[in-house]
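Input: a single structure, listed below in structure tokens.
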Number of protein chains: 2
Amino acid sequence: MRQPATTARATTSGAPGNVADVRKANLARVLSVIAAAGEDERLSRADIAQLSQLTKASVSSLVTDLLAAGLVTEIGVHRDGERGRPSVGLVLNPARCVLGMEINVDYIAAGLVDLSGKLLAHEVLPRANHSSTASEVLAALGELSQRLQAAAQAQGLMILGGGLAVPGLVNEEHFTVLQAPNLGWVQQELDVAALLPEPKTRFRLFNEANASALAQQQLMDAQENDFLFVSGEVGIGGGLIIDAELFVGPQGHAGELGHVVIAPDGKTCSCGGRGCLETVAGQEAILAAANLGAGVDSAPRQERISQLYQALEAGEEPALSAVSEAGKSLGIAVASALRLYNVSTVVFGGHFAALEQWMRPAMEASLQVHAPSIAGQARLLCSTLGQTGALVGAARSVVGDLLEAPYQLVD
Amino acid sequence: MRQPATTARATTSGAPGNVADVRKANLARVLSVIAAAGEDERLSRADIAQLSQLTKASVSSLVTDLLAAGLVTEIGVHRDGERGRPSVGLVLNPARCVLGMEINVDYIAAGLVDLSGKLLAHEVLPRANHSSTASEVLAALGELSQRLQAAAQAQGLMILGGGLAVPGLVNEEHFTVLQAPNLGWVQQELDVAALLPEPKTRFRLFNEANASALAQQQLMDAQENDFLFVSGEVGIGGGLIIDAELFVGPQGHAGELGHVVIAPDGKTCSCGGRGCLETVAGQEAILAAANLGAGVDSAPRQERISQLYQALEAGEEPALSAVSEAGKSLGIAVASALRLYNVSTVVFGGHFAALEQWMRPAMEASLQVHAPSIAGQARLLCSTLGQTGALVGAARSVVGDLLEAPYQLVD
DNA sequence: CCATATAGTTCAGGACATAAACTAAATGGT
DNA sequence: ACCATTTAGTTTATGTCCTGAACTATATGG
């Protein structure tokens, strides 16, 4: 009548719960305490014992393993006029990192993220990806990845894994992109091996909005464990963080706000549906409503977007009402989503963040009209994530996996 | 940067991961294997060892504890011409049960549910709860509960806990009902102690739709671990099952489909918003659209509902179009919800199930229009849960908790 | 130079799961 | 009647891991 109890599943995916599992859990526990402290705190073994509620003896033993695995390093003694034996600081090994990558419509990007989540190096390469084949794009990304791998080696950094974010629906298990309409990809298998150095400890594939949501998480207050990230790009994506974890739903595509119905009698969407949010608040929809739509001999999107901002700055119609209509629709979709997820914080990213000043009033008004009882307590924020958001989020999530399963690296 | 790792949290909510936790996990594992087998299979210790991937020795020891805790009982040897020492069957103790209760608009109900999830006894008491005070309702439920407790005692059943479902938003931790507009409750604290015998091992409070979703889970195929249950009562509620677990969101109110916006320019809802699903597909909304609305001297709702069915059977307008409009709106809300949750099965309960034959065509058409890409693979079912659904679901969930944490009962 | 204080390690002890040996209780052939 | 065979369940020796207490290491300050 029930699934195997969660506790049992937590041990090691179905394996019998034996004494060794306790160590796995405690390795992760110690590591999470170290990670939570941040890099400047330099916790001692004694501190960790207190924070983790383990004994000094256990912590000592566990830390020995983590040091051997290269996940943690000891750092110079920190003395400031206190009695007693000086403590030895422990921090996440700064010489380990994860490769984060992103393929988007107008660029590819890659970067190195260390175990504390810090972006050490990155490179963004503008590239018209929708006008070349998937394998060309992947080849270009492979080259970019090679450059960053070389950079890592030059700095003595060991790459432990990688994460890739793409603007579309992904199947993480099979490393396939199911749909990425804005890239022109329909069913694309990714050659993961070409992107990472051997032996690749871990590779994960992310939807761009989900990866951005994970990156956004680092910028939020520590208590803010639940929020919806709405990514306004060519399409409108969403990433949902529940209880500090990414919620992706049964097939991994939850949070997709772009196809929430906001106007039953609205326009037909690229998904075939009618009245989706994307038909009013997607980039092309806004541009079209502002008389800057894609046409036979229209300018490239980036240029038309610049024109949109110029028009907005100048206070011109129909740009203003195009954006305001988008805001109104966004408010409707957000009202429904907040209700369904029971989340009260929304973070807007991508063009929604950039359009904030023109869009927010309409969106807030719309939320007030359609969900007055939650409008008051809802926190509507705009993200400050830049172009590296998605790759950082993808990498950081892989880092999180590594830190949650350190026993994989302890021999 | 991260919450304490899930694995660590799973041990025992923050307690240090020590060897004793392994036993807790394995007690639960053994119990879940026994529960999963159902009552007719009568697994032997050897069977359990195989299914749980634990050794015979461990299972023997664990079963000894479970027998001592009274969660499991041995059942007569089962022989049918096979060689070898006969096995001793193990089943969930049939002499243990949980008290399930429900308060709804038109009735109160209570029942006894055993550890296998079977409803052993129940009583439904029609009662116009909206026209009496909360404490009167609770007193009546207390009496009902007393009767079932007496019945349990008469049958030698020990009550291990209880669950109560109410049609409104609840705060499980504080045992308060935040909103139950259809009961006329605004902020109501529940005196839990009065409802259960001492010592109450466990008491939980549920939203009615969530409880029904949990009950529905038992009726689904074993693989169907993800679905949205939509409860059409006076209000429209929802319960979301993800990965075989109830998903309630950060504040515990996720899944509420009733206030999804399906018509931006629609009617004003009781929640203050505009165009909520409930303004078209709620019981009163349907009745009003069928010219059977509540008025100064209108008949009681139950009677008007009967009139609605008569009109539908007779194929009369405006009843038919009222229901069809409701179906259309329901399709829109479901389209958005399926997208946001990435779930592909929906189960309709309450009046939606009863209205199926008149409502389904419009709903399916609407889903096809607004989400053609998922309409094909979506499974739309109608529930066969009766009036006892919510109380069974609430009780079953408490049973699940007990089975997942058997160490609480092992001395 | 020694009392004091704090950090970290060592060691005996206990709880568990495991594997293998062992006991228990049936069937079936001779 | 007897014994080989088969399966169920228990006992025992072993190893892992955490724990608490004793112990070592290394600083400060009078």
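Just so we're on the same page: letters track the sequence lines, and every chain starts at 1. Values below: all heavy atoms of this structure, side chains included; hydrogens, waters and symmetry mates excluded. Note that the coordinates shown come from a computational prediction; the quantities given were computed from them, not determined experimentally.
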I want to verify a distance call: between [options], whose nearest atom is closest to the [X] side chain?
| X | options | result |
| --- | --- | --- |
| Arg83(B) | dA27(D), dA7(C), dT6(D) | dT6(D) |
| Val19(A) | dC16(C), dT19(D), dG8(C) | dC16(C) |
| Ala20(A) | dC16(C), dT18(C), dC17(D) | dC17(D) |
| Ala46(B) | dC17(D), dA8(D), dC16(C) | dA8(D) |
| Ser87(A) | dT19(D), dG8(C), dA17(C) | dG8(C) |
| Ser44(B) | dG9(D), dC18(D), dT18(C) | dG9(D) |

- Query: Between the side chains of Ser58(B) and Thr55(B), is a donor N or O closer than 3.5 angstrom to an acceptor N or O?
  - Reply: yes
- Query: Can you tell me if Arg42(B) and Ser87(B) form a side-chain donor-acceptor pair at under 3.5 Å?
  - Reply: no
Less than 4.0 angstrom between a side-chain N/O of [X] and OP1 or OP2 of [N], yes or no?
| X | N | result |
| --- | --- | --- |
| Arg23(A) | dT16(D) | no |
| Asn26(A) | dC18(D) | yes |
| Thr55(A) | dT19(D) | yes |

Give the rounded distance in Å between these two atoms: [atom1] of [X] and [atom2] of [N].
| X | N | atom1 | atom2 | value |
| --- | --- | --- | --- | --- |
| Asp65(A) | dC17(D) | CG | P | 8 Å |
| Gln53(A) | dT19(D) | CD | P | 10 Å |
| Leu54(A) | dG8(C) | CG | C1' | 15 Å |
| Ile48(A) | dG8(C) | CD1 | P | 9 Å |
| Leu66(B) | dG9(D) | CG | P | 15 Å |
| Gln50(A) | dT6(C) | CD | P | 12 Å |
| Leu43(A) | dG8(C) | CG | P | 11 Å |
| Lys56(A) | dA22(D) | NZ | P | 13 Å |

- Do you know which of Arg204(B), Gln408(B), Arg396(B) makes side-chain hydrogen bond (donor to acceptor under 3.5 Å, both in side chains) with Asp401(B)? Arg204(B)
Just checking [X]: base, sugar-phosphate only, or nothing, at a heavy-atom cut-off of under 4.0 Å?
| X | value |
| --- | --- |
| Ala57(B) | base |
| Ser58(A) | base |
| Val59(B) | nothing |

- Query: Under 3.5 Å, is there an N or O donor on one side and an acceptor on the other linking the side chain of Arg85(A) and the base of dA7(C)?
  - Reply: yes
- Query: For Ser61(A) and Val88(B), take the nucleotide of DNA chain D holding the closest heavy atom to each; which residue's nucleotide lies nearer the 5' end?
  - Reply: Val88(B)
- Can you measure from CG (Leu148(B)) to CD1 (Ile159(B)) and round to the nearest 0.5 angstrom? 7.5 Å
- Item | Greater than 12 external heavy atoms within 6.0 Å of Gln153(B)'s CD | no
- Task: Answer yes or no: does atom CD of Gln251(A) have more than 12 heavy-atom neighbours from other residues, nucleotides or ligands under 6.0 Å?
- Result: yes
